[in-house]
Amino acid sequence: MTKAIHVQNLERVYRSAAEPVVALRGVNLEIAAGQFVALKGRSGSGKTTLLNCLGGLDQPTAGTIEVYGRSLHTLDDQALTRWRQQEVGFIFQSFGLLPTLSAYENVELMLRIAGVAKGERNGRARECLDMVGLSKWADHRPYEMSGGQQQRVAIARAIANRPRLILADEATGELDSETAREILALFQAIARSRDLTILLASHDSLVDEYVDEVLHLEDGQIAPQAA
Ligand code: ADP
Ligand code: MG
C-alpha cells in the first residue's frame, strides 16, 4: 500500500487574536493512495486548517506531515511552492475561477503557471475539460455557466497538473443536492481512474455514499471511528 498522507501529532495554534485559538490539537492521520476520503465535522472543527496544512498553504505549529513520503517541513518556501504546483490540486466552495477567462483559459492558465510547455498545454487543458464533461463549454466564461459547471471547471483546473493529491474544501457547499451528487460522483470516478487521493472537507451527509472512508474532526482532533 502506498501511503499518500501521514500526519503525526499535528498542532496549529492561531496567535493573531487576543486569545490563542487551538485549531488542531494533535491530529494523527494515515490515508492510502487512491482513496476518496471525507473529512467531516461542524463549522470551526478545524477542517480548513487541516487542508491548508496538508497542501502547504499554512504552517503547523507542531507535528509532521508527509505527503507521498515527502516531509513538508523540510521544504523552503520556493520548494514548497514548486511541490504544491506539481503535487496538489485545490478546489474551493466558491469555485475561485477568474471571471474574465473562459473555461479553457482558466485551466490553461494553471498549466502555464506550473511551467508546462506551450505545445503540451492545449491538449492537456482539453483533455481535462473532456474528463469533467465540459468539452462543449470550453469557450464560455464562468458567468455563462451553472454552479455545477463552474465547479467542474475548477476540478478540471485542479487535475490539469496531474497532481497526486486533491484537497477540496466544502466543494459541494454551494450546490443543490442533485448537482452535489453529480460532483461527488465525478470525484469518485476521478479518484478511481487516475489513482488520485482526494480529501474532501464537508459537513454534508450526502458525501458518505460516495467516499471510501469518513473521518470525523471534533474540536481539532480526529474522533475515534464509530463502529
Ligand atoms: P472549519 O473549516 O472546520 O470550519 P477552521 O479550520 O476554519 O474550521 O477553523 C478552526 C478554528 O480556528 C476555529 O475556531 C476558527 O475560528 C479558528 N481560525 C481559523 N482561521 C483562523 C485565523 N486565521 N485566525 C484565528 N483563528 C482562526
Ligand atoms: Mg472550513
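Note that the structure is a prediction, hence the values are computed from the model and not measured. Remember, it's 1-based here, ligands and their atoms both numbered in the order they're listed.
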D58 CG to N52 CG distance, which is reported to the nearest 0.5 Å: 6.0 Å

To the nearest 0.5 Å, what is the distance between CD (E66) and OH (Y68)? 13.5 Å

Apply side-chain hydrogen bond (donor to acceptor under 3.5 Å, both in side chains) to the pair Q85 and R82, showing each step before the final yes or no. CA-CA 5 Å; Q85 284 170 352; R82 195 83 201 115; 2.8 Å; yes

Within the protein, residues bringing a heavy atom under 4.0 Å of ligand 1, chain by chain: Y14, S16, V21, A23, R42, S43, G44, S45, G46, K47, T48, T49

Any donor and acceptor pair, going by atom type alone, linking the side chain of S102 with main-chain N or O of E105 inside 3.5 Å? yes

Table please: side-chain donor-acceptor pairs of residues 22-29 below 3.5 Å, with sequence neighbours left out.
from	atom 1	to	atom 2	distance (Å)
R25	NE	D219	O	3.0
N28	OD1	N9	N	2.9

Residue pair I166 / I155, side-chain heavy-atom distance below 4.5 Å: no

If you measure from CZ on F92 to CG on L51, what distance do you get to the nearest 0.5 Å? 9.0 Å

Side-chain contact test, heavy atoms from C-beta onward, threshold under 4.5 Å: evaluate it for V132 versus W137 and give yes or no. no

Strictly by side-chain hydrogen bond (donor to acceptor under 3.5 Å, both in side chains), give each pair with a member in residues 115-127 just once, sequence neighbours left out. Y104-N122, E108-R121, E120-R124, N122-R126, E127-R194

Nearer than 2.8 Å to the Mg ion (ligand 2), the protein contributes N, O or S atoms numbering 1

